[in-house]
Amino acid sequence: MEIDSVRVESSLWIGNKRYRAFLNGWYFSWTEIDKRNREQETISVPVSEVIGVKEGRIEIQPQKKVEDTDLDFTLFYVKRSSKGNGIGAPWSLGRTQFCCPSRGVRDQWITQLQTALKTHSPSRPHRLLVFINPFGGKKRGKQIFHSLVAPLFELAGISSHVVVTERANQARDYILKKDLTGFDGVICVGGDGMFSELLHGVIGRTQKEAGISEHEPTVMLQPCDLHIGIIPAGSTDCVCFTTIGINDPVTSTLHIIIGDSQPLDVCSVHYQSTLVRYSVSMVGYGFYGDVLAESERHRWMGPLRYDYSGCMVYLCNRSYPGLVQYLPADSHISSPRDNTRCLSGCRVCSESKERLFPHFDSSSSLYSTNVSQYSSELEGEWVTVEGRFKCISLACISSSCPRSPKGLSPSAHLADGTADLILVRETNPLGFLTYLHRHTNTQDQFDLPFVEVHRVKAVRFSQPPGEEEEEEEEYEEGDREIQASAERVLEDPEKLSSSKAAGHSQQHLAGRKERGNVTTSRVKRRGFVCWPCCTKPRSISVWNCDGEILPHTEISCRY
């Protein structure tokens, strides 16, 4: 066996077959040698994708088994699906047991492989803070972590401090207030709502430490160094699906272990000079806002309430007046209809990041938080659009999920400092159904006469001037029904944590009742089918921000 700082080579055995194994620092390869000393198939694993190397014969799945032997070592690594290496292909834990000619050779292989891991994988985490939402999705968060995630972390030598949340915003408050010294990142085992909690906590903490006010709409926020990882255990998990193309806990865990990183654009939503929320997926008004508000009445249904509420709201056939102002992005760089899909290493995102953050170190961020500067990037001519809209959507990312593999805006970029503004004007029910259905197939959802899409850097929304509004008892009664439901949930913290919509939504609904200033138009519009939810027509909707109801109608969004 020859050993130096660059290469290691020797004969090893897998079962009864002899292999020539070779380590050159960046790759570990083994080639089968037949009885005539001819080389056969070669398997090569990047050192960056090695999960761990252990003495003896080790099994991790389905149950951990350890057999101590003097001549064997077991290599664990990322095994990509045979379906392909592209986005959406699941990863699994590969395992190969090698037998060495002597114990000394075995020890040298283990030492050299561990040294190569430290040398060529400097971005790997060593200590993580894990938040588990036990109520999200199918309520399998704790089971997923302990059965699938924790064994892989242990194998990779990653220590973790686990917090099982009991109430909404507990994770956010923990990040804002506790000492996080020594943690390389925070991990959420849950859905998009739990990810949003961690996002708000990480951004808020970073700005507080930097002495920056989040409420100033024109300030350039400090990029965050603390990494955020996602283990999908929610209802839709669109942030996870959009970034790695699949909702699979093992795949996500392996990405975290090897230190994979993917910056994300973050949208700040302001009401006048007050920060309302941050968004990483979608800000929607009209249909998507109504669906979320309606679903609050049916929390007892669990995740099925979104399907039920979507059907109810569709049958109401509502449209809303609005005045939309947006600042267009440079159409020469990219377009929302250029039929491209943003992946890791995207040229557009890389060039945009260099333009927005010329002095930012890309190695210092994992799953989130490049918040765009608001100086020269927001200079330009604003465009105004007025009319009645079925829905208005601002997509920071494609927002793809298993039900909508292409997402709300298939060509949206992950980290280019822009978003896609989708305006769906008032149309007949069949036309709107066609638009919704195209999200589930390969047809272009923007190729409809009542739909327009623009790549933008900032958006403002307000009610059209002269829109006559007055308070209406029926709508107040509807709000009281939602508030009563919210109060019942607030009495039980476990119920409050059972959904990603249980945080700011409840706070908003409570505040909305106190303000008592909900207005509606005197001109009532009927749904095309008589339905209970059609009995309270109104001229304003609510904003759905990543599954949370916003407390204001007139907002501004910037990147």
Side-chain angles (χ1 to χ4, degrees), residues 128-137 141 145 160-181 183-210 212-215 221-235 237-240 264 266-271 274-281 283 292 365-371 396 486 489-490 493-511 544-551:
L128 297 172
L129 175 60
V130 180
F131 293 95
I132 301 176
N133 178 4
F135 305 103
F145 178 78
S160 58
H161 177 70
V162 179
V163 177
V164 179
T165 60
E166 299 176 350
R167 60 175 177 83
N169 296 317
Q170 180 179 345
R172 181 201 65 184
D173 296 341
Y174 190 105
I175 294 173
L176 287 173
K177 299 176 182 178
K178 298 292 185 178
D179 182 11
L180 303 184
T181 303
F183 289 110
D184 299 310
V186 291
I187 307 298
C188 71
V189 184
D192 295 326
M194 176 63 76
F195 173 79
S196 180
E197 276 195 39
L198 269 62
L199 178 75
H200 282 76
V202 169
I203 296 180
R205 183 186 183 96
T206 302
Q207 308 321 307
K208 182 179 180 180
E209 292 176 348
I212 297 174
S213 173
E214 298 177 90
H215 296 289
L221 299 186
Q222 180 74 18
C224 306
D225 293 330
L226 192 62
H227 303 169
I228 302 178
I230 313 173
I231 305 297
S235 300
D237 301 302
C238 80
V239 176
C240 181
L264 285 182
V266 177
C267 167
S268 62
V269 182
H270 284 80
Y271 170 71
T274 302
L275 174 71
V276 182
R277 281 192 69 83
Y278 293 111
S279 170
V280 293
S281 58
V283 183
L292 183 59
S365 181
L366 181 65
Y367 267 123
S368 58
T369 69
N370 285 342
V371 188
C396 310
V489 174
L490 284 168
E494 293 188 357
K495 292 182 180 179
L496 181 62
S497 302
S498 65
S499 168
K500 67 179 182 180
H504 286 277
S505 297
Q506 308 299 344
Q507 298 171 6
H508 155 58
L509 292 170
N544 177 344
C545 180
D546 291 358
E548 306 290 349
I549 297 176
L550 298 185

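Sequential numbering from 1 along the given sequence is applied to the chain's residues.
S268 places no side-chain N or O within donor-acceptor distance of the main-chain N or O of Y278, the cut-off being under 3.5 Å. In this structure a side-chain-to-backbone donor-acceptor pair under 3.5 Å is missing from N133 to G141. Judged purely by atom type and a 3.5 angstrom limit, D192 uses its side chain to pair as donor or acceptor with the backbone of V239.
Between the CD1 atom of I549 and the CG atom of N544 there is a distance of 7.5 Å, given to the nearest 0.5 Å. Atom-to-atom distance recorded for T165:OG1 and R172:CZ is 13.0 Å, nearest 0.5 angstrom. How far CD1 of I175 is from CG of N169: 11.0 Å, rounded to the nearest 0.5 Å. One finds the CG atom of L221 at 6.5 Å from the CD1 atom of I212 (value rounded to the nearest 0.5 Å). Atoms CZ and CD, on F135 and E166 in that order, are 7.5 Å from each other to the nearest 0.5 Å. With values rounded to the nearest 0.5 angstrom, L128 atom CG is found 5.0 Å from I187 atom CD1.
Here F145 pairs with nothing under the ring pair (Phe, Tyr, Trp, His ring centres under 6.0 Å) rule; sequence neighbours left out.
Closest heavy-atom contact between L275 and H215: N-ND1, 2.9 Å. Scanning all heavy atoms of the two residues, the minimum distance from V164 to P134 falls at CG1-CG, 3.8 Å. What you find for S281 and D546 is that their closest heavy atoms are OG-OD1, 2.6 Å. Shown here for A171 and E197, the closest heavy-atom pair between the two residues is N-OE1, 3.2 Å. Nearest heavy-atom pair, R205 versus L176, reported as atom, atom and distance to 0.1 Å: N-CD2, 3.5 Å. When every heavy atom of V186 is checked against every heavy atom of V202, the shortest pair comes out as CG2-CG2, 4.0 Å.
Using cut-offs of 30° and 60° for the angle between ring planes, the F131 and Y174 rings count as perpendicular.
Residues L226 and T206 form no side-chain contact, since every pair of their non-hydrogen atoms from C-beta on lies 4.5 Å or further apart. With contacts defined as side-chain heavy-atom distances shorter than 4.5 Å, the pair V162/I132 qualifies. Within the 4.5 Å cutoff, the side chain of I203 has heavy atoms near those of the C224 side chain.
With respect to C545, the side chain to side chain contact (heavy atoms under 4.5 Å, CB included) criterion is satisfied by exactly one of S279, S196, C267: S279.
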Which is it for V189 and V130 under the side chain to side chain contact (heavy atoms under 4.5 Å, CB included) test, yes or no, and what are the steps along the way? CA-CA 7 Å; V189 184; V130 180; 3.8 Å; yes
